[in-house]
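Positions are given from 1, in the same order as the sequence printed here.
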Amino acid sequence: MSTSPATQENPILSSFQTAIAIIPPPYLHPQINSLRSLYDKSYKKWPAHINVLYPFVAPEVLDSAVHKIQAVLESGGENGNGFTLELDRPGNFRHRQNATVYLSPGPHDSGTVKHPETPSGASLRALEGLLAGSFEKRSGSGPGDGSYRPHLTIGQTSLDSVAMDSLMSKAGKLGGGRLHWFVSRLVVLRRDEDGDMKIVDEILLGGGTEVEIDDEATEGITGLDLSSKDISGTEEKRSTYRYSVEVGDWTPIDSTNISSSARNQPNEITIATYNCLIDSPFPPPLERYPLLLNAILSIHPTPPSSALPSLLCLQEVTDEFLPYLLSNEQIQSRYPFCTHAPYSVLPSIRNCIILASQACGPFEWEWVDFTKRHKGAVVACFPRLGSAENPLVVSVVHLTCGLTDGSIAAKTSQLRTLTGHLQNWWAGSEWIVAGDFNLPTSKHTIATALRNRGITKETYEMVNGGLIDSDVFSDAWELCFGENEEDDVPYEAEEIAGMIQKDGEWGATFNPLTNPLAADRVQWSSNPRPQRYDRILIRRSGRIGVRDIRRFGFPDVGGADAGPTCGSDHWGLRAVLNIHLDIKDSENATKRLEILPVSMDDQTLKGYVEESMPNREDHKAREAAIKTLKMTLEQERAETEITPSRAAFPILLVPVGSYMLDIYDKTSDVDCLCLSTISIKTFFQVARQRIKKFGGDRGVRVIRFVNSKLPMLELKVGDIRMDLQYCQAPNLVEYWGDVPLLPPDSFMFGLPASTLKKLNAYRDAEYLLRTLPNLKAFRLAHRFIRLWTKRSGISSSRFGYLGGFHVTLLLARVCKLADADPKEITAANIVMLFFDYYARFDWAGDIVSDPAPPVNSRYHRFSREAMVLASIHAPVINVAQTATRHSVKALSKEFKIANEALRGGQWDLKTLAREDGFLKEYQSFIKIDVQYWGTSSGKGRALAGWVESRTPILLVGKFTIHL
């Protein structure tokens, strides 16, 4: 440092341009600045510091003053030595309009620190006295009573007791409640031309021995970095915490190991978002904590597989709720990774955090600051779910609330900031953005705000048009549900749901009509309406699709508890997302199908099939039937203590077929697959016994037992018909949650071919749910095509035509080959493409198979097969084995006729299916009557089945029948 020509023997402490201060070591900066960056108005002007001399001397004599201090310290004895400083006393200075919250080394009285009595305070006071005595003090400088009050400013807050107590509580938690380090040097600060206080020199203290501090925390720190002009900035990347079973606590993760963690290329990810509602931080709402925890655990009713990537995004998390949540053993098991630890100091009253399952691996995260104070986004990158260069990026947001011109402008700016950050820094990655967007969706609410002049016409048009950029993001809810559609929630009763008739209110996550906490929040509103505030967005141009999305966090129906019933004023939102394989990357790469122009929209298309679509009551009836059958089959297990003669065995009942794919209609049966450890013969004996013994009162009865190569029980549960097949797979029963995640060639599938064929009813459907690009469009298109096959008279697979699974395989191939953005393609596009593709299909030479099948899933065609629809998993079978050249000829003809009709704009099923065409075209036909006399009705049904199975031989054409 150059010597200034202007020197004085005894400079005056009068300048606010310089200061002598103590700076915390760099490893403490992140946690201190996490609060200062939000609360301290001088955050950008000053580094975190404790003033020793301020005001100091004029800049012109700074050099000589520093030399003087060095000389004083050398001759000052113990008062000039280094010492341990401990800041563990939060306090505040009250001003007229606000208060300053700080940390101090000693006791405070009425907001001031007088005569510190702690060793740290005594050392600071002695040091300040030693240095200040060497300079002349200007009259009136410093505190009014002339005392030295050492403190580290955390920030400013209003005089409101809640806000002040909150910030003081956060300050007291810094450093785990004991912010301490060994002070071995002082820094010299000087104000630059921009008014910022910068470090220009340091002064070493003498004597003493530095206290040993955590080596890991101080690794690489040898002193202050004077080459940097600003040491007040926060980290760019922040590591996560992991729950360690060995330690029994949450421990920080070494960031160097994050990018090198083993890759996990999942085909499915579960993500949930939940606003935890903090209406009163002081006192905290402890009575709602168990309800919040139960809602979070309901995301996975049973503990998820360790191989399943699952993410949880929470908003409005407080310093009190975070330790409660992370101390729960089930949370520690399901989500062992978190952005914070129980002892972390959360910067705001309401905070965003991310938890992740074991399969997600460790991750880094950053805070993207929005313009408004305390508003920003947590952006996390998961290298294990992508790559080190292009990790999966997940962001959680909590945007500004309100429906005013100002709040809408703020939300627009916040979304623009986040979008820009993702595009600039993570252009090659997949994105998921989840959280409380606070975007009004009720058209009635928005129109009312305009009518009452709460917003301008320009804001009205912005909100109606949507603030989320549809060119960048796709809304997961809108990809699953159409207008005026939502998931089935028993809690929201029919009479309440009937009130939600206005546009934009279906699927509401903030519903004053059904949520008492939401009603309390808007009790002064003149017209409170449901809003879909909470969203899960995915990158529109990415490869992530939506398999399913549902709300959670509802109270139990019929609960009699007198306490609170809802954990939050918001319902949570859970989505199951698929990461699709690009067909171009497949071994069986096939030419993509160009989308054809259509004049039909999906809403009109839905009208053609609405009469056959199941409603909420149909769904409830099937859910109840499955539950009843499961209870009946498991009944004996519950009574094993009473009847120990029968050994207990596990039973797993899973729906398959059209119900699993959600493409069933009002008349569809429910196909179920039962898995256990016992033999086929024993299972069906036990099943019939239990149904006879326990099923009568529940409305369960056996229609018939089909004893064939694939035995099956035909049942009726109430008014619902059910088909029950059985699969003996002991290992799979124990690890059933892992089955969808296992590779197709896993040793777990080393089962007999006959067993795998039955198991594949589940595996094939599960595979389609994971890999279909747009399930919403697929389901509507399937219902339309299936209804066409029925009305065209070609819906019987038994006679060589098309059954439900035939249509599924045919349609799935078209959906995957469609050369279009899967998030934009419509059901009408798919229907048009379906008929165009199969009207030109070479049935004799080509095979209908999945364009990107699992490994080892190949089918070798036999010359006698008239048509091949290959199943998906090994052992691959031709599900169209009963097809003949005559049935294929009829199918091909119907495809061509329907294709021409659609090209002509004729979408009406009565016209398209030629309902009267069969009788006009075929005026002669064969009718076969089978009559049976005997004592065994089972043998009679077997005879009828045998004749039915042999009927297609008549169509082979080996001889000609003249009529």
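Counting only heavy atoms from C-beta outward, the side chains of L326 and L355 approach each other to under 4.5 Å. Taking 4.5 Å as the limit, every side-chain heavy atom of T318 sits out of range of all side-chain heavy atoms of L346. Counting heavy atoms from C-beta outward, H398 and N438 have side chains that approach closer than 4.5 Å. In this structure the side chain of L314 never reaches within 4.5 angstrom of the side chain of V396, judged on heavy atoms. Put simply, the side chain of L769 does not reach to within 4.5 Å of the side chain of D662, judged on heavy atoms. Looking at I549 and F481, their side chains come closer than 4.5 Å, going by heavy atoms from C-beta outward. Contact annotation: the side chain of L422 never approaches that of R539 to less than 4.5 Å [non-hydrogen atoms, C-beta and beyond]. Taking 4.5 Å as the limit, every side-chain heavy atom of T514 sits out of range of all side-chain heavy atoms of V489.
Put simply, the side chain of K170 gets close to the backbone of S348: a donor and an acceptor are under 3.5 Å apart. In this structure a side-chain-to-backbone donor-acceptor pair under 3.5 Å is missing from T270 to S310. Remark: side-chain polar atoms of S333 are not paired, donor with acceptor, to backbone N or O of E329 under 3.5 angstrom. Of the possible donor and acceptor atoms, none in the side chain of R384 sits under 3.5 Å from a partner among the backbone N and O of C360. Judged purely by atom type and a 3.5 angstrom limit, K411 uses its side chain to pair as donor or acceptor with the backbone of G402. For Q156 (side chain) and K41 (main-chain N/O), a donor-acceptor pair under 3.5 Å exists by modelled atom type. Counting only distance, with no hydrogens or angles, the side chain of R334 and the backbone of L297 share a donor-acceptor pair below 3.5 Å. Side-chain atoms of T400 never come within 3.5 Å of backbone atoms of S407 as a donor-acceptor pair (strictly under, hydrogens ignored).
Taking CH2 of W426 as the reference point, atom OG of S395 lies at 12.0 Å (rounded to 0.5 Å). If you take CG on N511 and OH on Y533, they are separated by 11.0 Å, rounding to the nearest 0.5 Å. Within the model, atoms CH2 of W181 and OH of Y27 stand 8.5 Å from one another, a figure rounded to the nearest 0.5 Å. How far CD of Q531 is from OG of S442: 5.0 Å, rounded to the nearest 0.5 Å. Between atom OH of residue Y43 and atom CD1 of residue I154 there is a gap of 12.5 Å, rounded to the nearest 0.5 Å. Expressed to the nearest 0.5 Å, how far SG of C276 lies from CZ of R350 amounts to 12.0 Å.
Looking at R616 and E486, a side-chain N of the basic residue comes within less than 4.0 Å of a carboxylate O on the acidic one, giving a salt bridge.
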Evaluate side-chain contact (heavy atoms from CB on, under 4.5 Å) for L152 paired with I32, printing each intermediate quantity in order.
-> CA-CA 10 Å; L152 188 152; I32 296 173; 4.1 Å; yes
Given Y102 and L87, is the side-chain contact (heavy atoms from CB on, under 4.5 Å) satisfied, shown in steps?
-> CA-CA 9 Å; Y102 57 78; L87 303 178; over 6 Å; no
Using the side-chain contact (heavy atoms from CB on, under 4.5 Å) rule, take L311 and F363 through it: C-alpha gap first, then chi angles, then the decisive distance, then the call.
-> CA-CA 12 Å; L311 297 162; F363 60 94; over 6 Å; no
W367 and V378: CA distance, side-chain angles, deciding distance, side-chain contact (heavy atoms from CB on, under 4.5 Å) verdict = CA-CA 5 Å; W367 175 257; V378 172; 3.9 Å; yes
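Nearest approach of L399 to K375, heavy atoms of both residues: O-NZ, 3.5 Å. Minimum interatomic distance between R529 and P512 (heavy atoms only, all atoms of both residues): O-CD, 3.7 Å. Across S166 and I349, no two heavy atoms sit closer than the pair OG-CG1, 3.4 Å. Taking both residues in full, the closest heavy atoms of A380 and F382 are given as CB-CE1, 3.8 Å, listed atom of the first, atom of the second, then distance. The two residues A377 and L418 make their nearest non-hydrogen contact at CB-CD1, 4.0 Å. Here the closest heavy-atom approach between residue S34 and residue P347 is recorded as O-CB, 3.4 Å.
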Kindly list each side-chain donor-acceptor pair under 3.5 angstrom involving residues 568-576, sequence neighbours excluded, with atom names and distances?
unit_1: S568; atom_1: OG; unit_2: N275; atom_2: O; d: 2.5
unit_1: S568; atom_1: OG; unit_2: H570; atom_2: N; d: 3.1
unit_1: H570; atom_1: ND1; unit_2: D534; atom_2: OD1; d: 2.7
unit_1: W571; atom_1: NE1; unit_2: E492; atom_2: OE2; d: 3.4
unit_1: R574; atom_1: NH2; unit_2: D548; atom_2: OD2; d: 3.4

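Taking S429 as the reference, nothing meets the side chain to side chain donor-acceptor pair (under 3.5 Å) condition, with sequence neighbours excluded. Legend: residues meeting salt bridge (Lys or Arg N to Asp or Glu O under 4.0 Å) with D475, ordered by chain and number and at least two apart, are R532, R535.
Partner of W250 under the ring pair (Phe, Tyr, Trp, His ring centres under 6.0 Å) criterion, out of Y243, Y241, F337: Y243 alone.
For the residue pair E316 and N351, no side-chain donor N or O sits within less than 3.5 Å of a side-chain acceptor on the partner.
Taking the six-membered ring for Trp, H421 and W431 have ring centres at least 6.0 Å apart.
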